[in-house]
Structure formats: C-alpha cells, structure tokens
Asks: 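Right, I'll just put the structure down here and ask away after.
Numbers here are sequence positions counted from 1.
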Amino acid sequence: MASLGTPSQTAAIISKYNFDFRKKFGQNFLVDKSMLEKIISAAEIEEDDCVLEIGPGIGTMTQYLCEQARQVIAVEIDDNLIPILKETLSEYDNVTVINEDILKVDVAALADKYNNGKPIKVVANLPYYITTPIVMGLLENKVPLKSITIMVQKEVADRMQEGPGSKDYGALSLAVQYYTDPHIVAVVPPECFMPRPKVSSSVIRLDIYEETPVKVNSPEYMFRLIRASFNQRRKTLSNGLSNEKSLGLTREQVVEALVKMGKSETVRGETFSLQDFATLSDLLEGK
Ligand code: SAM
C-alpha cells in the first residue's frame, strides 16, 4: 500500500532524513492524493507495462506506479534522495532506481534491458528547468515509447498544443505535434506541491503516433530547419535559414522553394504549419 501522498507523510520523511530541498533540481514534491491518482489513471498503466519515472523525489508517485506496472525504472539525479528511496520503496521488488542525470541516460538501452526493446511509458512530475530538453530528447532519440504522461509548467503544456500564429508556437510545439497526439489532462494548482511553486502546472499526456500525421523524407533535416527558423524568430524564413551556416543554404535557394510552395518570400517561420515545414524540408534537403 502506498504510504506517501499527503503533506504530513512527506513532511515526516523530509524531517527524518533532514532533507533540504534543492531549488536547482526543481524539487516540488506532490502532496495531493487525488492529483496523484489522476495522473496515474491518465497514464493508463497496464499490468505488463514497463514505466520510466524521471525524478522520483522521495518516491511518492513511484509507489503508485509500482502497484500498477510490471516494472518501474526511476532515474533520480539527487544523491541525497537515494537513501530515502531505499526506505520508501522497500516494499516493492519491481523497481530499479538509477542515480543519474536523465539527460545522460540512454533510455533506449533501458527499454532494451527492462522491456526487451518494446515501447515503454514515461510518467513523471518533471523538473521544470529541463522540461524541453527531456521531452525533445525522448522524442528525437528514437526511444521506443507508447506514451509520455507528465506534469509540466502550465504554459509549457499550452505551448505543446499551440498552432501557427501564436507567440508560443515553436520547435517544442512542432516536435510534440509531429511525434504525438497531445491532451491536457488536468490543471494543477501550486497547493498540490511541497514546497509550492510560483506557477500553475498541467498534466499533459502525449500519445506517440505509430504513423506520423505528416510525411517527410528526413525528420532530422526538417527539425534542423525548424530550429533555425525559431532561433531567429524575428527574421523572415529566407533570411533566417540562409543565415544559419550549418545548413549551407543560400537565400535564393530558400526563396525558390518558398515560391514553389506559393508562399511569399517574406514569410516567417511562426506562420508555417507542420505540413509547410515538411514540404519545405523535402524541397531543400540535399541542396
Ligand atoms: N516525482 C516526485 C514527486 O512528484 O513528488 C518529485 C518531482 S520534482 C518536480 C522533480 C524531481 O526530479 C526531483 O526529485 C529532482 O531531484 C529530480 N531531477 C531534477 N533534475 C534531474 C535530472 N537531470 N535527472 C534526473 N532527475 C532529476
């Protein structure tokens, strides 16, 4: 039975181990049982699932995951939490704790080792300072995944769903929408955490597409174009892309492709849909 999930249970563990919250690791622990249950039910964990939890903290959500999944892998960067996790997870024999920075972990190798290379589910209350690199890494590194159910800053969840024309639309929105079908599951107030963050949070579930909704010859090249376009947000696409030396494109080549697409040569990346970037990518690749 899960023994964590309320403010008093978390406070007791924190004081027993004299644990100091480390702001630099984005430590805001969940202390609301109904929210924990909401996340777990949104993740739709089945008894044969292998789940990766990023940043287990003191193991609150990990306990819930261990009760539902076949195997849980929990990757935690903070050494001070490892002895705590030993205690809070001692009841469970289906969890492996890895004391590492998630950005240095080969997640595909974990899926190989713990799930015979079959798709895993990611469930996490993410450290907000590295949400984007974590999500981009999972999506772009060909990790076998079924879904990603994560707590993120509310604004970041909104950005994941934004379309062309919005000021928050960018590389993250395009990567999320190319690889996944995103759904916001819940908006979570600061009171659900200890300590309380300054911002609201959202739980978002990203269901990985078996087939991407847009076809492109090289997704890698398309995302190089996308990154270059949004790095130079204020510039027109033709200036932005030709300024990005690593792409090796001339302004004329970009304009020619835009004209072929029936677009103006002064168009900006923020007005381009995923399909537009895919078409542009196929026209420019190999130039
Ligand atoms: N899952 C716990 C919960 O919901 O109560 C804690 C969530 S807290 C928002 C984020 C967790 O991620 C912390 O435990 C923090 O130490 C850990 N963390 C931060 N950076 C990390 C990294 N680069 N790799 C792995 N874990 C990290």
Asks: Side-chain heavy atoms nearer than 4.5 Å, only ILVMFWY residues, links allowed to pass through others: does that put V143 and V152 together?
Replies: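 Yes, because V143 and V152 connect within a single hydrophobic cluster, where side-chain heavy atoms sit under 4.5 Å apart.
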Asks: When you look at L110 and V105, which way does the side chain to side chain contact (heavy atoms under 4.5 Å, CB included) test go after all the steps?
Replies: CA-CA 8 Å; L110 291 181; V105 171; 3.6 Å; yes
Asks: Is it true that a side-chain atom of Q161 and a backbone atom of P182 form a donor plus acceptor pair closer than 3.5 Å?
Replies: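 Answer holds: yes.
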Asks: Rounded at 0.5 Å granularity, tell me how far CD1 in I184 sits from CZ in R205.
Replies: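 So the CD1 of I184 and the CZ of R205 are separated by 14.5 Å.
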Asks: Under the criterion side chain to side chain contact (heavy atoms under 4.5 Å, CB included), I'd like the reasoning laid out for L206 against D181: C-alpha separation, chi angles, the key distance, then a yes or no.
Replies: CA-CA 6 Å; L206 313 175; D181 186 11; over 6 Å; no
Asks: When rounded to the nearest 0.5 angstrom, what distance separates CD in Q27 from CD1 in I77?
Replies: 9.5 Å
Asks: Which pair of heavy atoms, one from Y209 and one from T180, lies closest together, and at what distance?
Replies: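 That closest heavy-atom pairing would be CE1-O, 3.1 Å.
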Asks: Taking it one step at a time, do T250 and S242 satisfy side chain to side chain contact (heavy atoms under 4.5 Å, CB included)?
Replies: CA-CA 5 Å; T250 63; S242 53; 5.7 Å; no
Asks: May I ask you to say whether E220 pairs ionically with K142, meaning some side-chain N is under 4.0 Å from a carboxylate O?
Replies: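 Yes, charged N to carboxylate O under 4.0 Å.
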Asks: Do side-chain atoms of T271 reach the backbone of R268 as a donor and acceptor pair under 3.5 angstrom?
Replies: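 Pair found, side chain donor or acceptor close to backbone of R268.
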Asks: Within the structure provided, determine whether L139 and I208 are in side-chain contact (heavy-atom separation under 4.5 Å).
Replies: yes
Asks: Establish whether Y129 and M194 are linked, either directly or via other cluster members, by ILVMFWY side-chain heavy-atom contacts under 4.5 Å.
Replies: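 No; M194 is not reachable from Y129 via cluster members.
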Asks: I'd like to know if the side chain of Q9 reaches the main chain of T6, judged simply by a donor and an acceptor atom lying under 3.5 Å from each other, with no hydrogens or angles considered.
Replies: yes
Asks: What's the shortest heavy-atom distance between N125 and N28, and which atoms?
Replies: ND2-O, 3.2 Å
Asks: Closest heavy-atom contact between M35 and D32?
Replies: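 Residues M35 and D32, closest heavy atoms: N-OD1, 2.9 Å.
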Asks: Please answer whether the main-chain N or O of G117 pairs with a side-chain N or O of N115 as donor and acceptor at a distance below 3.5 Å.
Replies: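 Not a single qualifying donor-acceptor pair exists.
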Asks: Looking at every non-hydrogen atom in both residues, tell me the closest pair between N94 and A69 and how far apart they are.
Replies: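 Minimum heavy-atom separation between N94 and A69: ND2-O, 3.1 Å.
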Asks: Between F230 and E270, which heavy-atom pair has the shortest distance, and what is it?
Replies: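 In this case the closest contact between F230 and E270 is CE2-CA, 3.9 Å.
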Asks: Taking C-beta and beyond as the side chain, do V188 and K38 meet within less than 4.5 Å on heavy atoms?
Replies: no
Asks: Are any side-chain N or O atoms of S173 and backbone N or O atoms of M160, one a donor and one an acceptor, separated by less than 3.5 Å?
Replies: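 Answer holds: no.
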Asks: Can any side-chain N or O of D207 pair as donor or acceptor with the backbone N or O of S147 at less than 3.5 Å?
Replies: no
Asks: Mind listing the side-chain donor-acceptor pairs of residues 44-62 below 3.5 Å, one per line with the distance, residues two or more places apart or on another chain?
Replies:
unit_1, atom_1, unit_2, atom_2, d
D48, OD1, R70, NE, 3.4
D49, OD1, K146, NZ, 2.9
D49, OD2, E46, N, 2.6
D49, OD2, K121, NZ, 2.7
E53, OE1, T62, OG1, 2.6

Asks: Centre of Y64's six-membered ring, under 6.0 Å away, within 45 degrees of the axis: is that where NZ or CZ of K33 sits?
Replies: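 Relative to the ring axis of Y64, which defines the angle, K33 lies outside at least one limit.
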Asks: Looking at CD1 of I148 and OH of Y179, how far apart are the two atoms once the value is rounded to the nearest 0.5 Å?
Replies: 11.5 Å
Asks: Could you give the distance from CG (L258) to CG (L241), rounded to the nearest 0.5 Å?
Replies: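 Answer for the CG-CG pair, L258 versus L241, is 8.0 Å.
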Asks: Determine the minimum heavy-atom distance between M261 and D276, stating which atoms define it.
Replies: CE-O, 3.3 Å
Asks: If only side-chain N and O atoms count, and only distance matters, is there a donor-acceptor pair under 3.5 Å linking S3 with Q63?
Replies: yes
Asks: Applying a strict under-4.5 Å side-chain criterion to I, L, V, M, F, W and Y, I'd like to know whether V214 and L225 cluster together.
Replies: yes
Asks: Test your reading of the model: is there a side-chain donor-acceptor pair from E67 to the backbone of Y92, 3.5 Å cut-off?
Replies: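 Not at all, since once roles are kept as given, no pair shorter than 3.5 Å links the two residues.
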Asks: Got E162 and L172 here, is their nearest side-chain heavy-atom distance under 4.5 Å?
Replies: no
Asks: Consider only side-chain heavy atoms of I, L, V, M, F, W and Y, link residues closer than 4.5 Å, and tell whether L249 and V255 are in one cluster.
Replies: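 Different clusters: L249 never reaches V255 through Ile, Leu, Val, Met, Phe, Trp or Tyr contacts under 4.5 Å.
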Asks: Just so I know, are the side chains of V123 and I39 near enough to count as touching, which here means a heavy-atom distance under 4.5 Å?
Replies: yes
Asks: Okay, side chain of S166, backbone of D168: is any donor-acceptor separation there less than 3.5 Å?
Replies: yes
Asks: Applying side chain to side chain contact (heavy atoms under 4.5 Å, CB included) to V135 and I150, what does each step give before you reach the verdict?
Replies: CA-CA 10 Å; V135 173; I150 42 178; 3.8 Å; yes
Asks: Does a side-chain heavy-atom distance below 4.5 Å link S202 with V187?
Replies: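 S202 vs V187: side chains touch.
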Asks: Check side-chain contact (heavy atoms from CB on, under 4.5 Å) between D106 and all other residues, then give those that pass, not counting sequence neighbours.
Replies: A108, A109
Asks: Do Y169 and L174 have side-chain heavy atoms sitting under 4.5 Å apart?
Replies: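 They are in contact (side-chain heavy atoms under 4.5 Å apart), so the answer is yes.
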Asks: Does I130 share a hydrophobic cluster with V156, counting links as ILVMFWY side-chain heavy atoms below 4.5 Å and allowing steps through other members?
Replies: yes
Asks: Given the rule in the ring-ring contact (aromatic ring centres under 6.0 Å, His included) test, do F223 and Y178 qualify, once you have shown the distances and angles that lead to the verdict?
Replies: CA-CA 10 Å; F223 278 102; Y178 176 71; 5.8 Å; yes
Asks: In this structure, which one of I102, V75, N141 forms a side chain to side chain contact (heavy atoms under 4.5 Å, CB included) with V107?
Replies: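 Filter result, single survivor: I102.
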Asks: Does this structure show an ion pair linking E244 with R227, if we count only N-O contacts that are shorter than 4.0 Å?
Replies: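 Salt bridge flag = no for R227 with E244.
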Asks: Can you tell me which residue among F19, F25, Y17 is in a ring pair (Phe, Tyr, Trp, His ring centres under 6.0 Å) with F21?
Replies: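 Among the candidates, only F19 passes.
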Asks: Look up atom CE in M222 and atom CZ in F277, then write down how far apart they are to the nearest 0.5 Å.
Replies: 9.0 Å
Asks: Is the shortest side-chain heavy-atom distance between K260 and L283 below 4.5 Å?
Replies: yes
Asks: Looking at K215 and D282, is any side-chain nitrogen of the basic one under 4.0 Å from a carboxylate oxygen of the acidic one?
Replies: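 A salt bridge is absent here (no side-chain N lies under 4.0 Å from a carboxylate O).
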Asks: Please confirm whether the backbone N or O of I98 pairs with a side-chain atom of E76, one donor and one acceptor, at under 3.5 Å?
Replies: no
Asks: Distance-only, no hydrogens or angles: does the T10 side chain make a donor-acceptor pair with backbone N or O of P7 under 3.5 Å?
Replies: no
Asks: Taking atom CD of E155 as the centre, report whether more than 12 heavy atoms of other residues, nucleotides or ligands fall under 6.0 Å from it.
Replies: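 For E155, atom CD is not crowded (no more than 12 foreign heavy atoms under 6.0 Å).
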Asks: Looking at E265 and R251, is any side-chain nitrogen of the basic one under 4.0 Å from a carboxylate oxygen of the acidic one?
Replies: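 The answer is yes: the pair qualifies as a salt bridge.
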Asks: Would you say E37 and I40 make side-chain contact, with heavy atoms under 4.5 Å?
Replies: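 E37 does not reach I40 side chain to side chain.
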Asks: Filter on side-chain hydrogen bond (donor to acceptor under 3.5 Å, both in side chains), then keep only pairs touching residues 192-201, sequence neighbours left out; what's left?
Replies: Y128-S201
Asks: Could you give the distance from CG (L65) to CD1 (I73), rounded to the nearest 0.5 Å?
Replies: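 L65 atom CG to I73 atom CD1 measures 11.5 Å (nearest 0.5 Å).
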